[in-house]
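The next block holds one structure in the form of structure tokens; read it before the comments.
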2 protein chains.
Amino acid sequence: MTSAAADRRRASRDAKRAKILAEAWELGKRDGLAAISLRDLGGRVGLRQPSLYVYFESKLDLYDAMFADGYRQLLELVGRRRRAQEPQAALTAYVRDIVRFCSENVERHQLLFQRTIPGFEPSPDSYRLAVEFYDLARAHLAAAGVTRRNDLDLFTAMVAGLTHQQVANDPGGRRWVRLAGPTVAMFLADVQRRRQVSTATARRVTT
Amino acid sequence: MTSAAADRRRASRDAKRAKILAEAWELGKRDGLAAISLRDLGGRVGLRQPSLYVYFESKLDLYDAMFADGYRQLLELVGRRRRAQEPQAALTAYVRDIVRFCSENVERHQLLFQRTIPGFEPSPDSYRLAVEFYDLARAHLAAAGVTRRNDLDLFTAMVAGLTHQQVANDPGGRRWVRLAGPTVAMFLADVQRRRQVSTATARRVTT
DNA sequence: GTCTATACATCGATAGAC
DNA sequence: GTCTATCGATGTATAGAC
């Protein structure tokens with residue numbers, strides 16, 4: 001039932017949607033995400049403001065599409081890595097990629113990781129991409145032997161903190177990007193140390 | 001020249017300002033900070049919208065007053081601690097206080113630590129309070145023997161990360177609050193370990 | 001200090017013509 | 001799909017009565 005004409009129509013529509021999203025990110029970087037104006041946005045893609053409603057149901061729907069778009073870019077970035085690395089190196093690269101991505105795309109960071117647009121909540125479809133992203137972290141950690149919930153929580157907090165400080169105090173720079181390696185090393189050493197302590201205790205008990 | 005009448009007038013004015021600020025926080029918690037409407041706010045304090053301009057020069061000026069108000073509350077909270085503690089315990093209490101404060105006051109967290117209100121920038125006077133707050137962290141760290149910039153950066157990132165995750169994933173809860181102790185312990189152990197390594201190296205070199 | 005009234009600009013959103 | 005026209009809500013600001 002999908003004729004060639006329908007395919008063309010959909011492709012054209014998707015291309016226009018992509019163009020609108022790209023311009024929306026530009027506007028968000030320039031004026032702040034919450035300050036995006038649909039009239040501005042329309043003007044940038046050669047449309048009047050009401051015509052945008054052909055491509056997005058509402059402004060919140062636009063934010064939702066941007067949310068999904070941002071996570072797709074992030075997943076593409078961290079998924080590009082070779083997998084045949086040792087766990088600590090892979091984990092470090094993962095963290096560095098994220099912090100760098102957020103440093104270079106503060107507007108993406110705001111939408112993806114801060115929840116500051118009044119009324120915006122990602123749709124289930126978009127949220128699935130966010131979950132996929134967190135699952136990647138869990139996989140990296142499992143490969144490094146880290147599986148306890150408190151350790152996962154501590155790790156995600158450290159990644160969130162590095163990105164937050166980078167974005168807030170040195171946007172576009174590398175001041176906290178450079179701390180990815182030392183941070184991961186500190187974290188894995190701590191997990192290791194605690195494992196040895198509990199093993200030693202168990203040994204003492206069973207001996 | 002400050003007559004008793006002038007004192008009364010100023011006191012009344014300050015009280016009204018405080019009331020407006022309190023209601024503004026309420027509105028921010030309910031609708032999001034950026035969605036505060038001056039007409040709503042006026043209604044909550046028994047005033048029409050234009051009358052608010054008697055107390056604040058503009059909406060951004062209101063945000064600025066909220067920014068200062070939030071930091072004063074935070075400084076009051078972390079300053080309430082007894083000082084005669086050992087450094088690690090003091091540092092842990094400091095971190096726990098901050099994460100808990102943000103967990104219970106997500107709108108304060110948004111204004112104080114995320115910079116997401118388009119066009120808002122704290123005035124020099126208000127910013128001074130933020131600096132005072134960071135200086136407190138520096139003092140706690142110095143007492144624990146931590147003074148290198150990278151270590152300060154790592155520490156602030158961890159505090160920011162714990163608060164961020166707490167606010168984003170368990171607002172009002174304690175899931176990341178409970179990690180304050182283990183986090184500080186991990187951090188100080190890491191600093192200590194690195195100090196020993198460099199000391200050992202220096203000894204090797206000089207021997 | 002507080003009010004009413006009003007102006008102006010901006011915004012998201014909708015109706016309906018083409 | 002794209003447009004014009006329009007709506008209601010918003011923030012900003014001012015004038016002027018009480």
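Below, chain A is the first sequence line, B the second, and so on; all start at residue 1.
Residues meeting the side-chain hydrogen bond (donor to acceptor under 3.5 Å, both in side chains) test with A:Asp170, sequence neighbours left out: A:Gln166. Remark: B:Glu76 pairs with B:Arg80 by the salt bridge (Lys or Arg N to Asp or Glu O under 4.0 Å) rule, at least two apart or across chains. Partners of B:Phe67 according to the ring pair (Phe, Tyr, Trp, His ring centres under 6.0 Å) rule, which considers only residues two or more places apart in sequence or in another chain, are B:Tyr71, B:Phe120.
Protein atom CG of A:Leu41 is 13 Å distant from nucleotide atom C1' of C:dC11, rounded to whole Å. Regarding A:Phe120, its CZ atom lies at a distance of 17 Å from the C1' atom of C:dG12, rounded to whole Å. For the pair B:Leu62 CG and D:dA13 P, the computed distance is 14 Å after rounding to whole Å. Spacing between atom CZ of A:Arg10 and atom P of D:dG1 amounts to 11 Å, rounded to whole angstrom units. Separating the CZ atom of A:Arg9 from the P atom of D:dG1 is a distance of 7 Å, rounded to the nearest angstrom. Rounded to whole Å, the distance from CG on A:Asp40 to P on C:dT10 is 10 Å. Note: CZ (B:Arg17) to P (C:dG1) measures 12 Å, nearest angstrom.
Across all strands, B:Gly46 comes closer than 4.0 Å only to sugar-phosphate atoms, never to a base (heavy-atom distances).
Using a 4.0 Å cut-off on heavy atoms, the residues of residues 28-39 of chain B that approach DNA chain D are B:Ile36, B:Ser37, B:Leu38, B:Arg39, listed by number. Within residues 48-61 of chain B, the residues approached by DNA chain D to less than 4.0 Å at the level of any non-hydrogen atom are B:Gln49, B:Pro50, B:Tyr53, B:Lys59, in residue-number order.
The local environment of CZ in A:Phe133 is crowded, with over 12 non-hydrogen atoms from other residues, nucleotides or ligands closer than 6.0 Å. Within 6.0 Å of atom CD in B:Gln49, more than 12 heavy atoms from other residues, nucleotides or ligands are found, so the atom counts as buried in its surroundings.
For residues 138-195 of chain B, every residue pair satisfying the ring pair (Phe, Tyr, Trp, His ring centres under 6.0 Å) rule, not counting sequence neighbours, is listed here: B:Tyr94-B:His140, B:Phe155-B:Phe187.
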Apply the test salt bridge (Lys or Arg N to Asp or Glu O under 4.0 Å) to residues A:Arg193 and A:Asp190: give CA-CA distance (whole Å), side-chain angles for both, the deciding distance (0.1 Å), then the verdict.
CA-CA 5 Å; A:Arg193 186 182 56 76; A:Asp190 184 63; 2.8 Å; yes

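The two residues B:Leu152 and B:Val146 make their nearest non-hydrogen contact at CD2-O, 4.3 Å.
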